[in-house]
Enquirer: 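Before we start, here is the structure in question, set down as structure tokens.
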Number of protein chains: 2
Amino acid sequence: MASTITDVAKLAGVSAQTVSRTINTPELVSKKTLDKVQRAINALDYHPNITARLLVNNKARSIGLFMPFSSDQVKQSLFFSTLSATICQFCSQNNLIMQMFTSMSREDSSQLFVKLFKERQVGGLILTCPSVSNEELIYLLSEKIPFIIVGRPGILTAQIPYVDVDNVKAGTIAVEHLIQFGHRRIGFLNGPSNMTLSIDLREGVTAISRSFPELEILEAETNLTLECGYIEALKLLQTENRPTAIFTADDLLAVGVKKAADELNLRIPEDLSIISGVQNGWGHILPYKLTHVDTQFEKLGDIAAQHMARYILHEEPINLSTLLEVRLVEGQSCGYVS
Amino acid sequence: MASTITDVAKLAGVSAQTVSRTINTPELVSKKTLDKVQRAINALDYHPNITARLLVNNKARSIGLFMPFSSDQVKQSLFFSTLSATICQFCSQNNLIMQMFTSMSREDSSQLFVKLFKERQVGGLILTCPSVSNEELIYLLSEKIPFIIVGRPGILTAQIPYVDVDNVKAGTIAVEHLIQFGHRRIGFLNGPSNMTLSIDLREGVTAISRSFPELEILEAETNLTLECGYIEALKLLQTENRPTAIFTADDLLAVGVKKAADELNLRIPEDLSIISGVQNGWGHILPYKLTHVDTQFEKLGDIAAQHMARYILHEEPINLSTLLEVRLVEGQSCGYVS
DNA sequence: TCTATATTTGGTATCGTTAACATTTGTATT
DNA sequence: AATACAAATGTTAACGATACCAAATATAGA
């Protein structure tokens, strides 16, 4: 049904190769022929069959993005939608195809990656950190699957390429900021203890607290939901000697803290300072600007895609690791201890 | 580098065709040969080249999803992430490939669709409603591009397949609910007037208000942001004879209304009832359960993908339109007029 | 045992494109 | 005008799989 390169060649009275050249290397074709072929292409509404092209070139021009889709993760954070949107945009701009995949059963995802790559469906994969286990990563390395991880993987001993935000630094500067406001008892609502995000934040917090022996950090683990933030904040704020500031791993937790503060009639920032890490977009909901660490996490997708694109298009090796700079953004949720 | 069907055939001592049969129609192969070939496949770690397979079969097995990516749309609503997640999941389960695309410049998106289909990159497209103009849709029809729209398109005269929530009904039952609570002056924070969502909601509201002549509907247009909801709610609630209830197009607006109500010291639901349409996930943030219309919008992606899959896999015609049922979910944000 | 039929396997062409090489045409130089 | 070289075009083979048809082998019934 659809017209092929041969149809165009016949109509234009040239060989198929000349048509191919007209499309791919027009500088090698005379102006007269170029014109003739172009007219034939238009007349037949010819579109080169990408599949045939890929077969002969023998390389996939698509980036696979693998996402975990447990519904609450999607529902409660804009991280994944931002990531996919960014990568999609990058691919569209760079004439690459973006394919999205998700796991069906938890265990076989590395099998899936190998399959995708070896079947030539994708030229490389972008994986999101918590969804792939260490063993799987090792396996992928051994199978020479080109991949890059968004978020720091659990192991660093192996040569695993990733991009992440500098969460250690984020933890440090957040607490540093609170110290400058005179806070010495600080609540710390961290994420789940098995996430590298949480591990890194804690490391950052610990680092700064080593230089301030009088500092007291009251850490609580949460699952990064509003509800959990609310409950843990209530616990912290109802103790005898309550903290004067709370650092939350993300802004959804900060909203939970605000809810708890409201309930206890604590004014922000007069009675309680709040500072947050990753901004997932929930902070907008607060009646004041939330002081937070700008992690530029929306850049993660772009960087990962760039690395992958360089590998796919020019076979450049994938950089081992990239850490994004973080910086503090002052809002109206932090104040001096009264 | 990678092994081909011929390599496997050689190793197993059979023809390439037999290997192909082993993979695709094992019931036509003797048990003995099956075994032999399977061993060779494993030994060589053979994976059929999808590209070659697609070429000979001459049909694309992928669904293209087109998304608008103006950043605030992604940032403020979980609609797009939910949609892509659902479709991705469906594709993974049905052995289809999901490709995502976004527009580079506003005007050429229909050109892009034609290109994608004719180049055999995709077997069909799922488009999101506001991102494609009526003219483009007509053009796609004329080019016989298989597509389905999520959300009601602006024109219905042409044979345009779509899936949407029954927003007309949603508008009706929301107001009906408020009427049952005795409300007669009702604020209505609608979306942008050019969105079919807004048009449909208004139609539903108008329909019910025709049966209740004493009903007063105070409609205001918003851009579906928190800020806008807050401002418009303030305006409504500061009038001489303020409405006793407000119906918002989505839950983010409802959060804005809550903010305004707090500021004016109006208790919910004692002083003001709030009911919301589409739940984008922001409603969770409120300290009470928001009464809303359950639009099951997370089903939209599934249905669209199902239609597309049936077309791609079995060439079944794409159904013209599907409207999802809506139902009222009672929360704690509506009360009787005092 | 022989034929008829079912089961299993193999050979060749093909999908639509580009790579590699071969050939022709054009242009400049002597 | 003859030669040398560059530019433009054509020819053939290949990418890796499956479709289609032909051939071989096995099985059953007479």
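Only heavy atoms go into these numbers, but all of them, side chains included; no hydrogens, no water, no symmetry mates. Everything quoted here is computed from the prediction, not taken from an experiment.
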Enquirer: Rounded to whole Å, please give me the gap between CZ in Arg61(A) and P in dT18(C).
Expert: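 Nearest whole value for this atom pair: 12 Å.
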
Enquirer: Can you tell me if Ser15(B) uses its side chain to pair, donor with acceptor, with the backbone of Ala9(B) under 3.5 Å?
Expert: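 Pair absent, no side-chain N/O of Ser15(B) close to backbone of Ala9(B).
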
Enquirer: Whole Å only: how far is the CG atom of Asn49(B) from the P atom of dG16(D)?
Expert: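 The answer, rounded to whole Å, is 7 Å.
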
Enquirer: Report yes if a donor N or O on one partner sits less than 3.5 Å from an acceptor N or O on the other, where the partners are the side chain of Arg120(A) and the base of dG16(D); otherwise report no.
Expert: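 No.
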
Enquirer: Rounding to an integer number of Å, can you tell me how far Glu119(B) CD sits from dG16(C) P?
Expert: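 Going from Glu119(B) (CD) to dG16(C) (P), I get 15 Å.
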
Enquirer: Check every atom of dT9(C), dG16(C), dG16(D) against the side chain of Ala52(B) and return the nucleotide holding the closest atom.
Expert: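 That would be dG16(D).
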
Enquirer: Rounded to whole angstrom units, what separation is found between the CD1 atom of Ile5(A) and the C1' atom of dT9(D)?
Expert: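 After rounding, the gap between these two atoms is 14 Å.
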
Enquirer: For a salt bridge (charged side-chain N to carboxylate O under 4.0 Å, His left out) check, start with the C-alpha distance between Glu143(A) and Lys118(A), then their side-chain angles and the critical distance, and finish with the verdict.
Expert: CA-CA 10 Å; Glu143(A) 288 281 337; Lys118(A) 298 216 167 171; 2.9 Å; yes

Enquirer: Rounded to whole Å, how long is the line connecting atom CZ of Arg53(A) with atom C1' of dA14(D)?
Expert: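 Checked: the CZ to C1' distance equals 17 Å.
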
Enquirer: If you count the non-hydrogen atoms of other residues, nucleotides and ligands that lie under 6.0 Å from NZ in Lys36(B), is the total more than 12?
Expert: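 Enclosed: over 12 neighbouring heavy atoms sit under 6.0 Å from NZ of Lys36(B).
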
Enquirer: I'd like to check Val114(A) versus Ile145(A) (side-chain heavy atoms, cut-off strictly below 4.5 Å). Are they in contact?
Expert: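 A side-chain contact under 4.5 Å exists here.
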
Enquirer: Given dT14(C), dT17(C), dT18(C), which nucleotide is nearest the side-chain atoms of Gln17(A)?
Expert: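 Closest nucleotide to the Gln17(A) side chain: dT18(C).
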
Enquirer: Would you please confirm or rule out a distance under 4.0 Å between OP1 or OP2 of dT9(C) and any side-chain N or O of Ser30(B)?
Expert: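 Yes, Ser30(B) has a side-chain N/O under 4.0 Å of OP1/OP2 on dT9(C).
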
Enquirer: On DNA chain C, compare the nucleotides closest to Lys31(B) and Asn57(B); which residue's is nearer the 5' end?
Expert: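 Of the two residues, Lys31(B) wins.
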
Enquirer: Less than 4.0 angstrom between a side-chain N/O of Asn24(A) and OP1 or OP2 of dT18(C), yes or no?
Expert: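 Answer is yes, contact under 4.0 Å.
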
Enquirer: So does Ser20(A) get a side-chain nitrogen or oxygen closer than 4.0 Å to the phosphate oxygens (OP1/OP2) of dT17(C)?
Expert: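 False: Ser20(A) side-chain N/O out of range (4.0 Å or more) of dT17(C) OP1/OP2.
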
Enquirer: What's the closest nucleotide to the Thr33(B) side chain, out of dG10(D), dT9(D), dT8(C)?
Expert: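 The answer is dT8(C).
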
Enquirer: Hey, do the aromatic rings of Phe79(A) and Phe297(A) have their centres closer than 6.0 Å?
Expert: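 Yes, ring centres under 6.0 Å apart.
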
Enquirer: Can you tell me how far C1' of dT18(D) sits from CG of Leu55(A), to the nearest Å?
Expert: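 The distance from CG of Leu55(A) to C1' of dT18(D) comes to 12 Å, rounded to the nearest Å.
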
Enquirer: Rounded to whole angstrom units, what separation is found between the CG atom of Leu44(A) and the P atom of dG16(C)?
Expert: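 Going from CG in Leu44(A) over to P in dG16(C) covers 14 Å.
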
Enquirer: What is the separation between atom CG on Leu28(A) and atom P on dC21(C), rounded to the nearest whole Å?
Expert: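 After rounding, the reported distance stands at 16 Å.
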
Enquirer: Respond yes when some side-chain nitrogen or oxygen of Ser15(B) is under 4.0 Å from OP1 or OP2 of dG10(C), and no when none is.
Expert: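 Yes, Ser15(B) has a side-chain N/O under 4.0 Å of OP1/OP2 on dG10(C).
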
